[in-house]
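For reference, the structure discussed in these notes is given below.
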Amino acid sequence: MTPITEYTAIPKGVTTMLLYEDLARSRMREAEQAASKLRLVRRLTAAKRWNRVSKWAAKHADRASSSL
């Protein structure tokens, strides 16, 4: 005769993630994605700024060389 086993929703030996842990991981993922987007925006802004600076410097260099 086989013994009667008790079936539960949580298997034994398997680490189950609690709801708050799942929510915390989800929030961390969202924060990482937001930080990644912010880094991209900052890089694009810096590239535009350096582009303006280089155009300004080139214009002033042309003026200085034409006055020689």
Side-chain angles (χ1 to χ4, degrees):
M1 182 177 228
T2 59
I4 298 174
T5 57
E6 186 177 319
Y7 293 100
T8 61
I10 301 172
K12 293 182 180 179
V14 176
T15 305
T16 58
M17 187 179 300
L18 299 176
L19 181 61
Y20 71 91
E21 291 173 332
D22 191 28
L23 289 173
R25 286 179 190 249
S26 175
R27 288 182 184 143
M28 283 184 354
R29 248 183 266 115
E30 289 173 357
E32 288 171 356
Q33 289 173 352
S36 176
K37 288 179 184 178
L38 185 59
R39 280 192 302 270
L40 178 62
V41 167
R42 285 181 179 167
R43 288 178 61 197
L44 291 173
T45 303
K48 286 181 183 180
R49 185 182 317 116
W50 283 113
N51 194 15
R52 284 194 309 263
V53 169
S54 68
K55 286 180 182 179
W56 177 84
K59 191 185 335 177
H60 282 275
D62 287 342
R63 282 188 205 159
S65 65
S66 66
S67 68
L68 293 177

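The basis for the numbers below is simple: all heavy atoms, side chains too, and nothing from hydrogens, waters or symmetry mates.
- Under the ring pair (Phe, Tyr, Trp, His ring centres under 6.0 Å) criterion, the residue pairs touching residues 20-56 are Trp56-His60, with sequence neighbours excluded.
- In this structure Arg52 satisfies the side-chain contact (heavy atoms from CB on, under 4.5 Å) test together with Lys48, Arg49, sequence neighbours excluded.
- A side chain to side chain donor-acceptor pair (under 3.5 Å) check over residues 31-45, counting only residues at least two apart or in different chains, returns nothing.
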